Amino acid sequence: MKSKWMFSIVVMAVLAVGIAQVTAAEYSIKIGGGPTGGTFNTFTNGMAVYVPKVNPNIKATSVGSGGSVENVKRVHSRESDFGLCYAVDSDLGFKGQLPQDSQKYNNIRSMGYLYGAPAQLVVRAEAGITSAMDLKGKRVALGNAGSGAAASAERFFRHIGLWDNFNPSFLGYSAAASNFQDGKIDGFWVLVGYPNASVIEAAVQVKIALVDVGVDAEKTGFYEAFAYSPTVIPAGTYGKGMPECKTFQDSTILTVNKDVPEDLVYTIMKTLWSKEGMQAMVTAKKTFKEMTLENAFKGASVPLHPGAVTFWKEQGKTIPERLMP
């Protein structure tokens with residue numbers, strides 16, 4: 001009897017040590033954001049602060065990048081463990097169909113929907129530009145090379161037949177706003193939640209207008225060619241008297257490398273999609289109010305990570321077969 005009692009104590013001690021080791025696991029993660037002044041960085045900075053605050057065993061660093069396309073590549077190679085990626089870029093990268101790049105970036109996995117990123121083409125109000133086709137011969141900044149903004153702009157302008165008939169430059173949002181104010185460019189393109197700080201910055205010194213690129217998209221069958229969806233930027237978003245803008249948007253997805261431990265992904269999701277976590281993100285920027293349990297993985301184009309599957313099933317969500325790991 002005594003030997004059985006001693007054996008039980010030993011077993012319990014071993015189990016306790018094992019549980020303690022699991023509980024004490026330390027993680028150091030890198031989260032791929034985007035260009036200075038963009039919403040990607042706002043989210044990843046907030047995530048890098050909030051997640052360790054709730055989980056002291058997780059250290060997080062927000063890493064700047066060119067944006068969505070670069071994050072697809074970095075998360076695939078695990079140069080970044082997590083990253084913000086647009087659904088269209090993720091889909092094309094996963095299939096090996098990115099422009100001039102046939103490599104399949106299929107180590108990426110989806111976690112959840114964060115917000116919609118509408119295309120916003122900013123021009124001077126007095127320029128009389130009412131359609132993207134009016135940019136023939138004009139100088140337009142499209143976002144950093146490798147960013148989701150630049151990729152979406154190239155897709156759009158190639159689709160409508162304008163790519164070889166205007167002068168694109170690849171500048172980040174803040175640099176574009178500055179160049180626009182100085183008259184060095186005629187317009188700039190952002191693919192980001194509204195209101196965007198760089199557009200607001202440009203509007204301080206220049207009376208701006210937003211081009212209805214959604215009209216051009218609908219006329220040319222853009223929605224049949226790519227998985228963007230039509231949307232509207234409300235009137236007055238960037239100033240009193242500005243009309244609504246018809247445009248299209250991509251879905252911003254929190255993405256992770258497939259080899260990141262399941263328990264870590266699950267823990268981060270429990271943290272971010274808790275009531276307190278979602279409020280912390282909204283406090284960082286109102287754009288993130290779309291990050292809800294109801295929106296779940298809306299717009300996701302690549303399979304979910306197993307940790308995300310566990311989390312969303314706990315929320316009562318049915319996972320489509322195409323999104324299963």
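Since this is a predicted model, take the numbers as computed values, not measurements.
The distance from the CE atom of M242 to the CD1 atom of I208 is 4.5 Å, given to the nearest 0.5 Å. The CZ atom of F311 sits 7.5 Å away from atom CH2 of W273, with the distance rounded to the nearest 0.5 Å. F82 CZ to M111 CE: the interatomic distance, rounded to the nearest 0.5 Å, is 5.0 Å. Taken from CG in D81 to OG in S28, the straight-line distance is 8.0 Å, to the nearest 0.5 Å. Going from atom CG of L304 over to atom CE of M324 covers 8.0 Å, rounded to the nearest 0.5 Å. Between the CD atom in E314 and the OH atom in Y266 there is a gap of 3.0 Å [rounded to 0.5 Å].
Remark: side-chain polar atoms of D212 are not paired, donor with acceptor, to backbone N or O of G214 under 3.5 angstrom. Using a distance-only test at 3.5 Å, with no hydrogens or angles considered, no donor-acceptor pair links the side chain of E290 to the main chain of N295. Counting only distance, with no hydrogens or angles, the side chain of W189 and the backbone of A149 share a donor-acceptor pair below 3.5 Å. No donor-acceptor pair closer than 3.5 Å links the side chain of H76 to the backbone N or O of I108. Distance alone, capped at 3.5 Å, places no donor-acceptor pair between the Q103 side chain and the K73 backbone. Looking at D186, its side chain does come within 3.5 Å of a backbone N or O of R139 through a donor-acceptor pair. Between the side chain of H159 and the backbone N or O of F226 there is no donor-acceptor pair closer than 3.5 Å. K313 contributes no side-chain N or O that, together with a main-chain N or O of I319, makes up a donor-acceptor pair within less than 3.5 Å. The closest donor-acceptor contact from the side chain of T237 to the backbone of P195 lies at 3.5 Å or more, if one exists at all. Remark: the backbone N or O of T255 is not paired with any side-chain donor or acceptor of S110 at under 3.5 angstrom.
Using a 4.5 Å heavy-atom cutoff, the side chains of L264 and I268 are in contact. Between R78 and N107 there is no side-chain heavy-atom pair separated by less than 4.5 Å. Using a 4.5 Å heavy-atom threshold, the side chains of R74 and K30 count as separate. Residues N144 and F170 are not in side-chain contact: their nearest non-hydrogen atoms beyond the backbone lie 4.5 Å or more apart. With contacts defined as side-chain heavy-atom distances shorter than 4.5 Å, the pair L135/L121 qualifies.
Annotation for G66 and S147: closest pair O-CB, 2.7 Å, computed over non-hydrogen atoms. Of all heavy-atom pairs spanning C85 and N71, the tightest one is SG-CB, 3.8 Å. Of all non-hydrogen atoms in L142 and A153, the two that sit nearest each other are CD2-CB, 3.9 Å. Residues S198 and Y173 share a closest heavy-atom pair of OG-CB, 3.1 Å. Pairing each heavy atom of M281 with each of M47, the nearest pair is CE-N, 3.8 Å. N196 approaches Y238 most closely through the heavy-atom pair N-OH, 2.8 Å.
Within the cation-pi definition used here (under 6.0 Å to the ring centroid, within 45° of the axis), R155 does not qualify as a partner of F222.
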Run F248 and F156 through ring pair (Phe, Tyr, Trp, His ring centres under 6.0 Å) and show every step you take.
CA-CA 10 Å; F248 57 85; F156 175 70; 5.5 Å; yes

Begin with the C-alpha distance, continue with both residues' side-chain angles, and end with the deciding distance and a verdict on ring pair (Phe, Tyr, Trp, His ring centres under 6.0 Å) for F43 and Y50.
CA-CA 10 Å; F43 184 89; Y50 187 74; over 10 Å; no

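No chain of hydrophobic side-chain contacts below 4.5 Å, direct or via other Ile, Leu, Val, Met, Phe, Trp or Tyr residues, connects M291 to V282. In the hydrophobic clustering of this structure, L84 does not group with V49; members are Ile, Leu, Val, Met, Phe, Trp, Tyr whose side-chain heavy atoms approach within less than 4.5 Å, directly or through other members.
Scanning for side-chain contact (heavy atoms from CB on, under 4.5 Å) contacts around N55 gives V51, N57, I58, T267, T271, with sequence neighbours left out. With sequence neighbours excluded, no residue forms a side-chain hydrogen bond (donor to acceptor under 3.5 Å, both in side chains) with S301. Evaluation of the salt bridge (Lys or Arg N to Asp or Glu O under 4.0 Å) rule for D134 yields no partner, not counting sequence neighbours. T44 is linked by a side-chain hydrogen bond (donor to acceptor under 3.5 Å, both in side chains) to S62, counting only residues two or more places apart in sequence or in another chain. Residues meeting the side-chain contact (heavy atoms from CB on, under 4.5 Å) test with K95, sequence neighbours left out: D91, Q97.
Partner I253 forms a side-chain contact (heavy atoms from CB on, under 4.5 Å) with one of F297, Y113, Y86, Y115 and no other, that one being Y113.
Counted by atom type alone, Y27 and D263 present one or more donor-acceptor pairs between their side chains at under 3.5 Å.
Sequence neighbours left out, not one pair with a member in residues 241-253 passes side-chain hydrogen bond (donor to acceptor under 3.5 Å, both in side chains).
Within a 6.0 Å radius of NZ in K317, more than 12 heavy atoms belonging to other residues, nucleotides or ligands are found.
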